[in-house]
Amino acid sequence: FELFTMFFNSVTNGGKTTLAEKLKNMLPNCDIISQDDFFKPESEVETDERGFKLYDVLDALYMDEMVTSIHNWMKSPAGSGVVTKEPQNTCDNLKNVYILIVEGFLLYNYEPLNKLWNRRYFLTLPYEECKRRR
């Protein structure tokens, strides 16, 4: 089988999860790992001098666990619980191709992840749209 890992990086509320979910529904043997699933509990997240929790830094996340999850998927994508939907017009030569989409807002800032991707995408949006979504 063949493995493809795609990393989507963007600001929070930048459309990464929406895009990843749409692709998952269109592609066979596709799975998603989201950085949002690796946040530490609020009690472990540092607070700045104004009393705000610092969720937008790597220390707010269990990044080693995320890397482990990606490695585990890469070792056994068929056993990872990937739903093998059959989209219309799926070619027979894609049945042994497994795709992992990893999405998050600090992916490129964590060096161990930079060795794992086949493709990497950075999504941008205008400042006013980003502000509106937040």
Side-chain angles (χ1 to χ4, degrees):
F1 59 86
E2 290 183 69
L3 300 177
F4 289 95
T5 53
M6 296 188 291
F7 282 40
F8 294 167
N9 196 67
S10 178
V11 295
T12 56
N13 298 307
K16 301 172 299 294
T17 303
T18 301
L19 176 59
E21 289 293 336
K22 286 184 182 199
L23 286 171
K24 181 179 179 178
N25 289 330
M26 293 170 42
L27 299 169
N29 302 326
C30 184
D31 203 3
I32 299 170
I33 292 179
S34 175
Q35 191 174 37
D36 288 349
D37 295 334
F38 296 90
F39 273 105
K40 293 178 180 177
E42 186 175 336
S43 62
E44 293 181 38
V45 177
E46 291 185 37
T47 306
D48 70 9
E49 64 278 352
R50 296 173 295 167
F52 292 106
K53 291 287 184 180
L54 298 173
Y55 285 106
D56 58 350
V57 296
L58 286 171
D59 287 341
L61 298 147
Y62 292 120
M63 293 302 294
D64 289 340
E65 288 181 21
M66 184 177 190
V67 171
T68 298
S69 293
I70 295 168
H71 279 291
N72 288 340
W73 185 93
M74 292 173 81
K75 287 178 196 170
S76 178
S80 66
V82 174
V83 178
T84 54
K85 288 185 179 182
E86 288 294 329
Q88 292 180 349
N89 303 323
T90 299
C91 301
D92 283 339
N93 61 351
L94 291 179
K95 293 186 191 268
N96 289 324
V97 174
Y98 293 87
I99 302 166
L100 177 63
I101 298 171
V102 180
E103 60 96 1
F105 66 103
L106 289 172
L107 299 179
Y108 305 152
N109 297 60
Y110 194 66
E111 187 61 34
L113 290 177
N114 290 330
K115 301 170 189 163
L116 301 178
W117 48 264
N118 296 94
R119 300 278 189 269
R120 142 174 108 161
Y121 303 92
F122 186 82
L123 309 177
T124 61
L125 69 154
Y127 173 78
E128 287 304 319
E129 177 64 14
C130 180
K131 188 175 174 183
R132 184 189 68 76
R133 290 181 182 192
R134 285 181 172 214

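Computed from a prediction, not measured in an experiment: that's the story for all the values here.
A continuous path of hydrophobic side-chain contacts links I33 to L58 [ILVMFWY only; heavy atoms under 4.5 Å]. Following chains of ILVMFWY side-chain contacts shorter than 4.5 Å, one can reach I101 starting from Y121, so the two form part of one hydrophobic cluster. Residue Y62 is not grouped with residue L54 when hydrophobic side chains (ILVMFWY) are merged at heavy-atom distances under 4.5 angstrom, including chains of intermediate members.
M6 CE to C30 SG: the interatomic distance, rounded to the nearest 0.5 Å, is 5.5 Å. Note that CZ of F52 and OG1 of T47 are 10.5 Å apart. Values are rounded to the nearest 0.5 Å. In this structure, the separation between CE on M66 and OG1 on T68 is 11.5 Å, given to the nearest 0.5 Å. Annotation: the span from M74 atom CE to L100 atom CG amounts to 8.0 Å, rounded to 0.5 Å. F38 contributes atom CZ, which lies 14.0 Å from atom CG of L106 (distance to the nearest 0.5 angstrom). Atoms CG and CZ, from L61 and F105 in turn, are 5.0 Å apart once rounded to the nearest 0.5 Å.
Remark: E44 CD is packed, more than 12 non-hydrogen atoms of other residues, nucleotides or ligands lying under 6.0 Å away.
The minimum heavy-atom distance linking C130 with L125 is given by the pair N-CD1, 3.6 Å. Between K16 and N9 the shortest heavy-atom distance is CD-C, 3.8 Å. Shown here for F122 and S10, the closest heavy-atom pair between the two residues is CE1-CA, 4.0 Å. The shortest non-hydrogen separation linking L23 to F8 is CD1-CZ, 3.5 Å.
K115 meets the side-chain contact (heavy atoms from CB on, under 4.5 Å) test with no other residue; sequence neighbours excluded. The salt bridge (Lys or Arg N to Asp or Glu O under 4.0 Å) search around E129 returns R132, R133, not counting sequence neighbours. In this structure, the side-chain contact (heavy atoms from CB on, under 4.5 Å) partners of V45, at least two apart in sequence or on a different chain, are K40, K53, Y55, A60.
Counting heavy atoms from C-beta outward, V97 and L27 have side chains that stay 4.5 Å or more apart. Between L19 and E103 there is no side-chain heavy-atom pair separated by less than 4.5 Å. Under the 4.5 Å side-chain criterion, counting only non-hydrogen atoms from C-beta, V67 is in contact with H71. D64 is listed as a side-chain neighbour of Y110, based on a closest heavy-atom distance under 4.5 Å.
The backbone N or O of L116 sits less than 3.5 Å from a side-chain atom of T5, completing a donor-acceptor pair.
Under the 30°/60° scheme for interplanar angles, the aromatic rings of Y98 and W73 are found to stand perpendicular.
Results of the side chain to side chain contact (heavy atoms under 4.5 Å, CB included) test with Q35 over T17, V102, L107 single out L107 as the only residue that passes.
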